[in-house]
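Whatever order the structure lists ligands and atoms in, that order sets their numbers, starting from 1.
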Amino acid sequence: MKIHHLNCGCMCPIGGALFDGFSRGLTARLVCHCLLVETDRGLVLIDTGFGLRDVKSPYSRLSPFFIHFNGIQFDRKYTALDQIERLGFSASDVRHIVLTHLDFDHAGGLEDFPDATVHVMQSEIETAQDRRGFIARRRYRPEQWDEVKHWNYYSAGGEPWFGFEAVRELDGLPPEILLIPLAGHTRGHAGIAIQTPEGWLLHAGDAYFYRHEMDSAERRCTPGLRAYQWMMEVDRKARLLNQDRLRALSIEHSQDVRLFCSHDAIEFNAFANPTNGTQSVKLSSFGDIANG
Ligand SMILES: [Zn+2]
């Protein structure tokens with residue numbers, strides 16, 4: 001099993017370091033950290049970022065509110081499809097897509113892979129179809145997924161995994177890939193855990209947004225990302241409880257599990273360019289992040 005870390009979208013909200021904790025200019029730099037996993041059942045994509053159709057006609061697919069608020073950068077080179085083709089594969093090689101949730105910055109590439117089966121929590125598709133409220137109507141964009149032909153939905157409950165509930169045995173997927181329900185940011189939000197020879201990898205999606213929320217006993221977060229998480233949450237109690245549990249996991253089981261979130265550029269670079277280390281990463285341009 002080979003794992004590629006792909007950045008499938010760049011967002012530059014106004015706020016600089018008040019958002020990302022490192023930018024010197026007026027705008028911050030957020031990535032869309034996705035995974036491409038080569039398995040014996042074909043390619044498995046974990047989240048999709050923004051897709052080709054988002055790049056071609058953003059205003060027919062996405063909410064202008066989030067296009068501007070998040071400073072979304074639309075460029076074909078960030079799409080999963082473009083990167084997968086550059087790795088020598090084609091769209092039809094992607095057999096499965098596992099989603100942390102259905103927000104616009106995670107589900108945009110679904111329709112670029114018409115042969116793939118999409119795996120997501122049942123409660124997530126239900127709230128995405130319901131779209132009740134100002135944020136829900138703008139975060140969930142049926143234009144991004146109404147042509148998906150093959151869905152598999154899962155309900156919470158299952159076997160324990162480091163104290164979390166885990167949905168094991170996703171239909172058609174290798175047993176090394178698990179769904180870990182982590183509600184709060186959205187109703188059906190989940191992390192995706194992958195067992196590798198080097199230990200577990202946990203894609204925590206938007207369960208947290210900033211690297212220092214996880215690496216010490218006391219949560220540290222920039223004011224911008226704190227406010228963004230507050231604006232997007234659907235269940236504060238569940239969100240903060242899951243962050244506490246993830247923080248404990250990250251500290252107490254650092255030898256067994258490496259976790260990361262969707263949007264932290266420094267975290268992404270540490271996985272995509274492990275030899276650079278986190279201190280010497282070049283973050284002067286998005287190319288350095290995206291091409292990792
Ligand atoms: Zn997100």
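- A salt bridge does not link R139 to D105: none of the charged nitrogens lies less than 4.0 Å from a carboxylate oxygen.
- Distances from the Zn ion (ligand 1) show that D103 has no N/O/S atom below 2.8 Å.
- Using a 4.5 Å heavy-atom threshold, the side chains of L99 and E124 count as separate.
- When the Zn ion (ligand 1) is compared with the N/O/S atoms of D206, atom OD2 turns out nearest.
- Among the atoms of H101, no N, O or S atom falls under 2.8 Å of the Zn ion (ligand 1).
- Using a cutoff of 4.0 Å between basic side-chain nitrogens and carboxylate oxygens, R53 and E111 are scored as salt-bridged.
- The N, O or S atom of D105 lying closest to the Zn ion (ligand 1) is OD2.
- The Zn ion (ligand 1) has an N, O or S atom of H263 closer than 2.8 Å.
- Of the residues R219, R226, R239, the one that meets the salt bridge (Lys or Arg N to Asp or Glu O under 4.0 Å) test with E213 is R219.
- Checked for salt-bridge contact, R86 and D82 meet the test: a charged N lies under 4.0 Å from a carboxylate O.
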